[in-house]
Student: 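Please see the structure below; I have some questions.
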Amino acid sequence: MAQFRIQGQQPLQGEIAVTGAKNAALKFIAASLMCDAPVTLTNVPNIEDVRRMLHLVQSLGAGVQHNVEAHTVVIDPTTVNTQTISAELAKTIRPSIMFVGPLIARYGTARIGYPGGCVIGRRPIDLYLKGYERFGAQITSSDESFVFTAPTPRAMEFMFPLISVVATETFMITATRIPGTTVLKNCAMEPEVVALAEFLNSCGARITGAGTPTISIEGVTALSGGTVAMIPDRLEAGTFVILGALTRSNIRVTKCIPEHLENILDHLREMGVPFTVGPDWIETQPYSHTLKAINIKTHEYPGFVTDLQAPFTVLLTQAAGTSLVHETIFEGRMFYTDLLNRMGANIILCDPHRAIVEGPTALSGRKLDSPDIRAGIAMVLAGLAARGETIIGNIEQVDRGYESIDARLRSLGAAIIRE
Ligand code: EPZ
């Protein structure tokens, strides 16, 4: 298994460009199945999750041309020749569940194994099953897979009992070609939802309300293809800004959209982190004062994004005082705190959702494994800030979400090698 070897406390300095958003690209790949002509995606990050999602769409018979150097993918949905996604493919990535929507909307049937996903919680799919039934699908299941039969898919109304980003995107996509008006309530409002709606509308869809809690979709009979650039990855951008704060470095994070990180930036200001903001960049400044401990509570967009909870907690270990970290969305996303304690942090995990961080504490390098994508990058950040050497195993998890992360960090002066 590959690992990162990090020598901590190297001075960092320089500029790092943000890639296209993983959590946009994955959905655009699924959405392309709704189109009647090839779809070209640009600014697509070269990461494992994109490769897995492309593998899935290819397994349905769609044409895929992936130009890695150009960060471009062309998907031809006109050659889809099956509506079955194998159990072993489905469990490689959680958004595999998205494909059921386009398949039942266009072909009236779909068969899929149970989806995979990060070990950050139970990751149930009850909302998807309810929504697909509401669209008119009959569902049968075996221990390995689900079969959806929807000879006449119908428009529907759905009030989400809780906010789900991918379920919002899935039902929005599914409804684009189902006759009638579908109304989704208590929707996710993430920037990626808005970008997806804008693209589908550019192909002829009739979606209104994306970015608000209520989205209405009037079904159409055809959708053109098109070309679209992925929006910048706000999670990458936030991770690099936190790295600059954690290492007290001058790091300019470019090709990002600062307004997508407004909540995170406000929390950093409250801690006393110095940084400046431009139209498409954020630049951290070196500083010598001690940061102030603060409380964080994750919430769907535009709240404190859960995917930056782990990296942000690493920063909280360096703040003076007591911080409460409250992860409201997932019940399995705080166990990395044990790893930070092994590095010298002083964190009490009160329950699966809450941790108390006492700081500042000096961090020392350790040998650790990456639990999931976001906790994995948090361990990389901790290693870059720690005294001594840190070895991080299971870095396939980090590669799922961050393109060439070791090479890009080395360009800032980090002593990190992949071996
Ligand atoms: C998206 O996951 C993101 N993934 C996640 O990022 C992100 O952490 C999450 O939204 C929250 O913002 C992608 O966009 C690909 P969920 P999503 O499973 O929408 C409950 C990363 O690191 N729920 O819907 O799939 C669930 O238990 C990933 O990039 C049900 O109860 O999140 C949780 O409490 C990790 N039943 C909440 O909804 C369901 O059927 C959201 O979880 C579905 C979800």
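Start at 1 and go down the list; that is how both ligands and their atoms are numbered.
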Student: Less than 4.0 Å is my threshold; does some heavy atom of Arg333 fall inside it relative to ligand 1?
Tutor: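 Yes, Arg333 has a heavy atom closer than 4.0 Å to ligand 1.
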Student: Would you give the length of the straight line joining atom OG1 of Thr284 to atom CG of Leu12, rounded to the nearest 0.5 angstrom?
Tutor: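 If I round to the nearest 0.5 Å, the distance is 9.0 Å.
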Student: I need the single residue from Thr170, Val166, Val193 that forms a side-chain contact (heavy atoms from CB on, under 4.5 Å) with Lys27. Which is it?
Tutor: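 In the set Thr170, Val166, Val193, the residue that makes a side-chain contact (heavy atoms from CB on, under 4.5 Å) with Lys27 is Val166.
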Student: Going by the atom numbers of ligand 1, which of them fall below 4.0 Å from some non-hydrogen atom of Arg94?
Tutor: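 The list of qualifying atoms is 18 (O), 25 (O), 43 (C), 44 (C).
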Student: Looking only at distances, please establish whether an N/O atom of ligand 1 is found under 3.5 Å from an N/O atom of Arg374.
Tutor: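 Between Arg374 and ligand 1, an N or O pair is found under 3.5 Å apart.
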Student: Under 3.5 Å between any N/O of Glu169 and any N/O of ligand 1: does that happen in this structure?
Tutor: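 No - when backbone and side-chain N and O of Glu169 are compared with those of ligand 1, no distance drops under 3.5 Å.
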Student: Between His267 and Phe304, what is the ring plane arrangement, given parallel below 30°, perpendicular above 60°, and tilted in between?
Tutor: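 Perpendicular: the ring planes of His267 and Phe304 meet at over 60°.
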Student: Closer than 4.0 Å to some heavy atom of Lys22 - which atoms of ligand 1 meet that?
Tutor: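 This gives 21 (C), 29 (O) as the contact atoms.
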Student: Is ligand 1 under 4.0 Å from a heavy atom in the side chain of Leu162, in the backbone, in both, or in neither?
Tutor: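 For Leu162, only side-chain atoms sit under 4.0 Å from ligand 1.
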Student: Holding to side-chain hydrogen bond (donor to acceptor under 3.5 Å, both in side chains), I want the full list of residues that pass it with Thr214, two or more places apart in sequence or in another chain.
Tutor: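 Here no residue qualifies.
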Student: Considering distance alone, does some N or O of Glu331 sit under 3.5 Å from an N or O of ligand 1?
Tutor: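 No; the residue has no nitrogen or oxygen that sits under 3.5 Å from a nitrogen or oxygen of the ligand.
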Student: Using the ring of each side chain (for Trp, its six-membered ring), is Phe148 parallel, tilted or perpendicular to Phe146, with breaks at 30° and 60°?
Tutor: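 Tilted, since the angle between the ring planes falls between 30° and 60°.
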Student: Taking only non-hydrogen atoms of Pro95, do any sit less than 4.0 angstrom from ligand 1?
Tutor: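 Pro95: in contact with ligand 1 (<4.0 Å).
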Student: Between Ile373 and ligand 1, is there a nitrogen or oxygen pair with a distance under 3.5 Å?
Tutor: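 Among all N and O atoms of Ile373, none is under 3.5 Å from an N or O of ligand 1.
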Student: So does Ala167 get a backbone contact from the side chain of Tyr128, meaning a donor-acceptor N/O pair under 3.5 Å?
Tutor: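 Confirmed, Tyr128 side chain pairs with Ala167 backbone.
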Student: What do you reckon, does Leu26 have a nitrogen or oxygen under 3.5 Å from a nitrogen or oxygen of ligand 1?
Tutor: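 Among all N and O atoms of Leu26, none is under 3.5 Å from an N or O of ligand 1.
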Student: With atoms numbered from 1 as shown, which atoms in ligand 1 lie under 4.0 angstrom from a non-hydrogen atom of Lys27?
Tutor: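 Reading through ligand 1 atom by atom, the close ones are 13 (C), 14 (O), 15 (C).
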Student: How far apart are the closest heavy atoms of Ile392 and Ile395, and which atoms are they?
Tutor: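 For Ile392 and Ile395, the tightest heavy-atom pair comes out as O-CG2, 3.2 Å.
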Student: Can you name the closest pair of heavy atoms from Leu127 and Ser164 and give their distance?
Tutor: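 Scanning both residues completely, I find the closest heavy atoms to be CD1-CB, 3.8 Å.
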Student: For Lys367, look at atom NZ and say whether over 12 heavy atoms of other residues, nucleotides or ligands are found less than 6.0 Å away.
Tutor: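 Counting other residues, nucleotides and ligands, NZ of Lys367 exceeds 12 neighbours.
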Student: Show which atoms of ligand 1 fall inside a sub-4.0 Å distance from at least one heavy-atom site of Ser164.
Tutor: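 Numbered from 1, ligand 1 contributes 19 (O), 24 (O).
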Student: Can you list every salt bridge (charged side-chain N to carboxylate O under 4.0 Å, His left out) pair that touches residues 294-318, not counting sequence neighbours?
Tutor: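 Counting only pairs at least two positions apart or across chains, the salt bridge (charged side-chain N to carboxylate O under 4.0 Å, His left out) contacts touching residues 294-318 are Asp307-Arg333.
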Student: What do you reckon, does Thr306 have a nitrogen or oxygen under 3.5 Å from a nitrogen or oxygen of ligand 1?
Tutor: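 Between Thr306 and ligand 1 (N or O atoms, distance only) the closest approach is not under 3.5 Å.
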Student: Pro124 near ligand 1, heavy-atom distance under 4.0 Å?
Tutor: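 Flag set, Pro124 near ligand 1.
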Student: Regarding atom 5 (C) of ligand 1: of the candidates Asp307, Val193, Ile377, which has the closest heavy atom?
Tutor: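 Result: the heavy atom closest to atom 5 (C) of ligand 1 is in Asp307.
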Student: Test your reading of the structure: does Phe330 have an N or O sitting under 3.5 Å from an N or O of ligand 1?
Tutor: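 Between Phe330 and ligand 1, no N or O pair is found under 3.5 Å apart.
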Student: Looking only at distances, can you tell me whether any N or O atom of Val165, backbone or side chain, sits closer than 3.5 Å to an N or O atom of ligand 1?
Tutor: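 N/O-N/O distance below 3.5 Å exists for this pair.
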Student: Has Thr298 got a side-chain atom pairing as donor or acceptor with Thr306's backbone, closer than 3.5 angstrom?
Tutor: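 Not a single qualifying donor-acceptor pair exists.
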